[in-house]
Protein chains: 2
Amino acid sequence: MPLRIVIFDDNNNIRDSIGMLLKTEEQFELVGSFPHVLDCVDEVKACNPDVVLMDIEMPGMNGIEAVRLIKQAMPHTEILMQTVFEDDDRVFDSICAGASGYILKSQLNTRLIPFIKDLQGGGSPMSPTIARKVLGKMQEVSAVIRQEPGSDYKLSSREKEVLACIVNGLSHKMIAGELNISYETVRSHVKKIYEKLHVVSISQVVFKAVNEKLL
Amino acid sequence: MPLRIVIFDDNNNIRDSIGMLLKTEEQFELVGSFPHVLDCVDEVKACNPDVVLMDIEMPGMNGIEAVRLIKQAMPHTEILMQTVFEDDDRVFDSICAGASGYILKSQLNTRLIPFIKDLQGGGSPMSPTIARKVLGKMQEVSAVIRQEPGSDYKLSSREKEVLACIVNGLSHKMIAGELNISYETVRSHVKKIYEKLHVVSISQVVFKAVNEKLL
DNA sequence: GAAAAAATCACCAAACCCGGTGATAGGTCC
DNA sequence: GGACCTATCACCGGGTTTGGTGATTTTTTC
């Protein structure tokens, strides 16, 4: 059973030459070729391809948005993005939308066939240059996610409990009830927390706690 | 000027065979080869390599931790991870630590040379299988990061300004000064904000605003 | 042009928050 | 055993926040 492939690209020449290229390998079968993505979901459903070759730059709907829709409708379809630009944001957005690989148009002739085979083998083919961008973004993102505790304010465990209550919007009185201690004791803890966090109000405590993930 | 390379791997045979392999290309020069990473920072500083080939599995210190230290000390050093496992978490951790590429030990013979050349060219070489894991993680992570605005509380622009002040820890009185309006006007806005956000206190406002990225 | 929404301001009373200043009791560390 | 930290509780007084109620002007929307 041959691998079913669909192309979306507004450039007729590219669609044609990709068609020619695929014909040289009998394991591939071009089952659809469209100049725009306005009806892409219906078309993909009708063609039922294993692999979609998607151009990023297209009139009407954006190729990235199309990826999102196709992946939503048919999650098991593999999508290989093709583009002339190695634009950081678009690479990133394509990935988030669900693309499985990334090929530069300048490399279509030499790389398309092996890339599709990589996809078939469960891989995510992309040029090392693209991969570098992906890794860069990944590092950036991970740095945001888990900014190290760095600043440890040495709160006692009790103080952390009180802090958690504050962040959850409880008043001092409610915290007293929650933790079964007196209102004044809560106040003592709060004062200590303010001191240790170098803040002077509830709002600053909440902001700092949430922002620096003190819980 | 040849490309300077350093190897870290506890397996003597692998270190030797990589050394042999690199000798076949006169543009590469093996300037260091170590069986553990306990002194890796000093060693890398002494050897001053362009590329470090790092084994993940090693006695004593973990190869990933070593990457972190080396990248901290010498940020411009390119690091190519080598491993026998395609373990998701370790791939991810390596990337976050600062690795620039990823090669399977089973592919050392055929791929090491081109991979190092990719690194030299500013790329991030990795097998399509590894790339798939990276993309998967990336999609997962990005889904966490940008939970869509979803809940739009339809705050007016003025209310958003006041909200921003609150989140930054300003008292109502200070906000009045900041925005050049009266204290009572600030209160009106605050009341509206509470109503729209379905909250009843400053702390809840700050928590909700930060958590749902309302700014 | 009328209705709706946004932005502005005002007052009262109750509740709440916060700084300062203290005290007591239990645990840890040297 | 004494110094130190943590957890507990208490009072005062000033300042802040909050709910309720209401008003005027400007801008937006239909």
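Just so you know, these numbers use all the heavy atoms, side chains as well, and skip hydrogens, waters and symmetry mates.
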Subject >> Residues, nucleotides or ligands: over 12 heavy atoms within 6.0 Å of B:K196 NZ >> reply: yes
Original post:
Rounded to whole angstrom units, what separation is found between the CG atom of A:L155 and the C1' atom of D:dA7?
Top reply: 14 Å
Original post:
Counting distance only, does the side-chain N/O of B:E78 pair as donor-acceptor with the main-chain N or O of B:D50 below 3.5 Å?
Top reply: no
**OP:** Send over the distance from B:M174 CE to D:dG15 P, rounded to a whole Å.
**Re:** 15 Å
**OP:** Check every strand shown and say whether B:S182 touches a base, only sugar-phosphate, or nothing at a heavy-atom separation below 4.0 Å.
**Re:** sugar-phosphate
Original post:
Does a nitrogen or oxygen in the side chain of A:T185 sit under 4.0 Å from OP1 or OP2 of D:dC9?
Top reply: yes
**OP:** Using a 4.0 Å heavy-atom cut-off across all strands, classify B:Y183 as base, sugar-phosphate, or nothing.
**Re:** base
**OP:** Go through DNA chain C in 5' to 3' direction and return only the first and the last nucleotide with some atom under 4.0 Å of chain A's heavy atoms.
**Re:** C:dC16 to C:dT21
Subject >> Any donor-acceptor N/O pair, B:S124 side chain to B:S100 backbone, under 3.5 Å >> reply: yes
Subject >> Integer-rounded Å distance: D:dT8 C1' and A:I175 CD1 >> reply: 16 Å
Original post:
Can you tell me how far C1' of D:dT16 sits from NZ of A:K173, to the nearest Å?
Top reply: 16 Å
**OP:** Specify the residue among A:I202 and B:S156 whose closest nucleotide of DNA chain C lies further upstream toward the 5′ end.
**Re:** B:S156
**OP:** Check whether any side-chain heavy atom of B:I56 sits under 4.5 Å from a side-chain heavy atom of B:D87, and report yes or no.
**Re:** no
Original post:
Side-chain donor or acceptor of B:R187 under 3.5 Å from a matching atom on the base of D:dT18?
Top reply: yes
**OP:** Take atom CD1 of A:I181 and atom P of D:dT6, then tell me their distance rounded to the nearest Å.
**Re:** 15 Å
Original post:
Taking the six-membered ring for Trp, are B:H198 and B:Y153 parallel (under 30°), tilted (30 to 60°) or perpendicular (over 60°)?
Top reply: perpendicular
Subject >> Whichever of A:K191 and B:S201 has its nearest DNA chain D nucleotide further upstream toward 5' >> reply: A:K191
**OP:** Pick base, sugar-phosphate or nothing for B:H189, based on heavy-atom distances below 4.0 Å to the nucleic acid.
**Re:** base
**OP:** For A:S171, report the nucleic acid contact type (base, sugar-phosphate, nothing); a contact means any heavy atom under 4.0 Å.
**Re:** sugar-phosphate
**OP:** Provide, to the nearest angstrom, the distance between the CD atom belonging to B:E184 and the P atom belonging to D:dT16.
**Re:** 13 Å
**OP:** Assign A:S188 to base, sugar-phosphate, or nothing according to its heavy-atom contacts below 4.0 angstrom with the strands shown.
**Re:** base
Original post:
For B:F34, which of B:V6, B:I7, B:D9 qualifies under side-chain contact (heavy atoms from CB on, under 4.5 Å)?
Top reply: B:V6
Subject >> Separation of atom NE2 in B:H172 from atom P in D:dG15, rounded to whole Å >> reply: 17 Å
**OP:** For the pair B:D118 and A:R132, find out whether any cationic side-chain nitrogen is under 4.0 Å from an anionic carboxylate oxygen.
**Re:** no
Original post:
Rounded to the Å, how far apart are A:E159 CD and D:dC5 P?
Top reply: 12 Å
